[in-house]
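Step one of this worksheet: look at the structure below.
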Amino acid sequence: MARSSRVREPLWVRLILRTVVVTYLVLLVAWPVALVVLNTFQDGFVHMAEALADPVVQNALRLTAVVAVSAVVINLLFGVTISLLLVRYEFPGKRALSAMIDVPLSVSPVVVGLALLLVYGSRTGWFGPALADAGIQMVFATPAMVMATAFVALPLVIREVVPVLEEVGDEQEQAARSLGAGGAQTFWRITLPSIKWAVVYGVVLSLARSLGEFGAVKVVSGNIVGRTQTATLVVEQKYQNFEQTTAYSVAFLLAFASVVCIVVVSILRPKEES
Amino acid sequence: MSIEVRNVDKRFGDFVALDDVSVSIPTGQLTALLGPSGGGKSTLLRIIAGLENADDGTIEIEGVEATHLPPQKRNVGFVFQHYAAFKHMNVAKNVAFGLEIRKRPKADVERRVDELLRLVHLQQFAHRLPAQLSGGQRQRMALARALAVEPTVLLLDEPFGALDAKVRKELRDWLRRLHDEVHVTTVFVTHDQEEALEVADEIVVINDGRIEQVGTPDQLYDEPANDFVMSFLGDVTRLNGVMIRPHDVDVNSTPVDGAVVGTVTRLLRVGFEVRVTVTAEDGHDVAVVLSRAEARGSGLAEGATVWLTPHRGALTVDARPAAGVSA
Ligand SMILES: Nc1ncnc2c1ncn2[C@@H]1O[C@H](COP(=O)(O)OP(=O)(O)OP(=O)(O)O)[C@@H](O)[C@H]1O
Ligand SMILES: [Mg+2]
């Protein structure tokens, strides 16, 4: 309807606009990504097989999976809880909390990494020494890497869930209450089913973001080869060590995982509408 | 008395939504909370249901002190204006919700759901999602859902407010019949005086956070406590400084002692009635409603001079805030 009633631009304007947009996307996204794929498979699966046989790569992939999945689980729990707090409850400091949630989007991940070092560093950090004494190694180990990744991906679940919670409103929850459901029953039976797709979408986005995190993880992991290196760190290191084909192969795997995430989301989306 | 509301206050910020409200709602009856928009009807109903907390005052339901009980402990059925259907559950599941929460045996739940769907005439829609129902059907589903848990009181917040005029009328007749069958103490909110007069056993008029009057439809209509109640329960017009119903004004085509003299300035036929506007000599308009037969009999036409008198025994109320009633 909006389309038919709108005055349309002349044909040549539309053609130029289209060309500009397509060129822009090709130069910026499609071509570089295609080159990664081409470079990875220039000799068939040989380089991919080599890369997958490399224990450094194997370890990095495993670590990436552990860190990303842990971060996503944490963000899922906190993301849904914070969304509920923001939409359904009034409390002092709500505006501040709401603003704070966007910080990870605007602050450079490197800054996030440094900030975590300052708090949890085992020699000079605020909590670090105490934790180290208790035998818990935070920095240059998996815990800090999970924290850094969770921090960076924090807003993604919340930004998906909050608008849906607002749109659904709380009448269904009130109806459930008046029918005898307690808080937990209402959440599991009414609230969660109505925000289900937003949660799934947020989780997939967080997963994609977590797999690709580089800056924050590099700072807090110490980038120790074969121990605290995630896939993104391996790509950089292999590339600098003139093992380009391995770098491309790992880069391809990362890109592939992201594409799978996007495909999953776009399959899920239409279901949510109906 | 089934519901006792005592000295309830409710403020939203500086705004006083309910101001020292006390009211008793009788057991087994259909009571209407009637009042203009923003008067505090929903707020009072939600406080009774526990969906909102009173700042002050107490609520008692069937002799149980309920002021601080959470909604799920009050055994109150609540029906919302916009249905609040559980969108992801089919009709049968919606109705079964309260019973499943109460962990009733599966066979019992099925039997009861079936019985209720029959009661609200939705048995053939048991497996549809709420989105596949019309507004009226959704509201009947919501009603069945609320009745399923056998509530001590049933509260309905403008249950038919979102429906068109015809369905609305059908549903309120149906609600009346349903109530005669089920006899659960029912309170429903409406801002439609016709709905209240037609359906309710008892009407509570609320305005500006205060109760203006409580009584049967006849009491309210015949003995309004003040000019607000009088004007809210039906059309009123001013004749000689008093308020009177337009159909209680007699139109004479010949001079009458003490009558208000005026000229017919507008004549409008709407269905079975004729609405006449008479501009009195002092310049203010008087509205009069006649039946078609009466209008034809008196040969009314625009521009004619007429003499207006109150009908014998008609109700009039002084048009001042502190109103005295005379009949
Ligand atoms: N959550 C709230 N926050 C602030 N003000 C509120 C809130 N709920 C109600 N109010 C105010 O309280 C007053 C009474 O509201 P209420 O919903 O009880 O009116 P109502 O009689 O049900 O009106 P309507 O017929 O329009 O539904 C209104 O002026 C409304 O603006
Ligand atoms: Mg209301």
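Lettering of chains follows the sequences in order, A, B, ..., and the numbering in each one begins at 1.
No other option in A146(B), P70(B), P71(B) has as many heavy-atom pairs under 4.5 Å with chain A as P71(B). Top candidate by heavy-atom pairs under 4.5 Å with chain B, chosen from Q185(A), K196(A), E173(A), is Q185(A). The candidate from R46(B), E100(B), K73(B) with the greatest count of non-hydrogen atom pairs under 4.5 Å with chain A is R46(B).
Residue V149(B) touches chain A through its side chain alone, counting heavy-atom pairs closer than 4.5 Å. Heavy-atom distances place the side chain of R102(B), and not its backbone, under 4.5 Å from chain A. Only the backbone of A85(B) comes within contact range of chain A, with heavy atoms under 4.5 Å apart.
In this structure the side chain of L143(B) reaches within 4.5 angstrom of the side chain of L156(B), judged on heavy atoms. A heavy-atom distance below 4.5 Å is found between the side chains of K93(B) and N90(B). Side-chain atoms of V112(A) and V220(A), non-hydrogen and from C-beta on, never get closer than 4.5 Å to each other. Side-chain contact between T58(B) and E4(B): absent, with no pair of heavy atoms (C-beta onward) separated by less than 4.5 Å.
Proximity to chain A among residues 108-134 of chain B is not found for any residue, judged by heavy-atom separations below 4.5 angstrom.
Taking all atoms of both residues into account, the shortest heavy-atom contact from G40(B) to L18(B) is O-CD2, 3.6 Å.
Using modelled atom types and a 3.5 Å distance limit, the side chains of E195(B) and T190(B) yield a donor-acceptor pair.
Ion pairing between E213(A) and R209(A) holds under the 4.0 Å rule for side-chain N and carboxylate O. Using a 4.0 Å cut-off between a side-chain N of Lys or Arg and a carboxylate O of Asp or Glu, R159(A) and D102(A) qualify as a salt bridge.
Heavy-atom neighbours of F12(B) CZ from other residues, nucleotides or ligands within 6.0 Å: above the threshold of 12.
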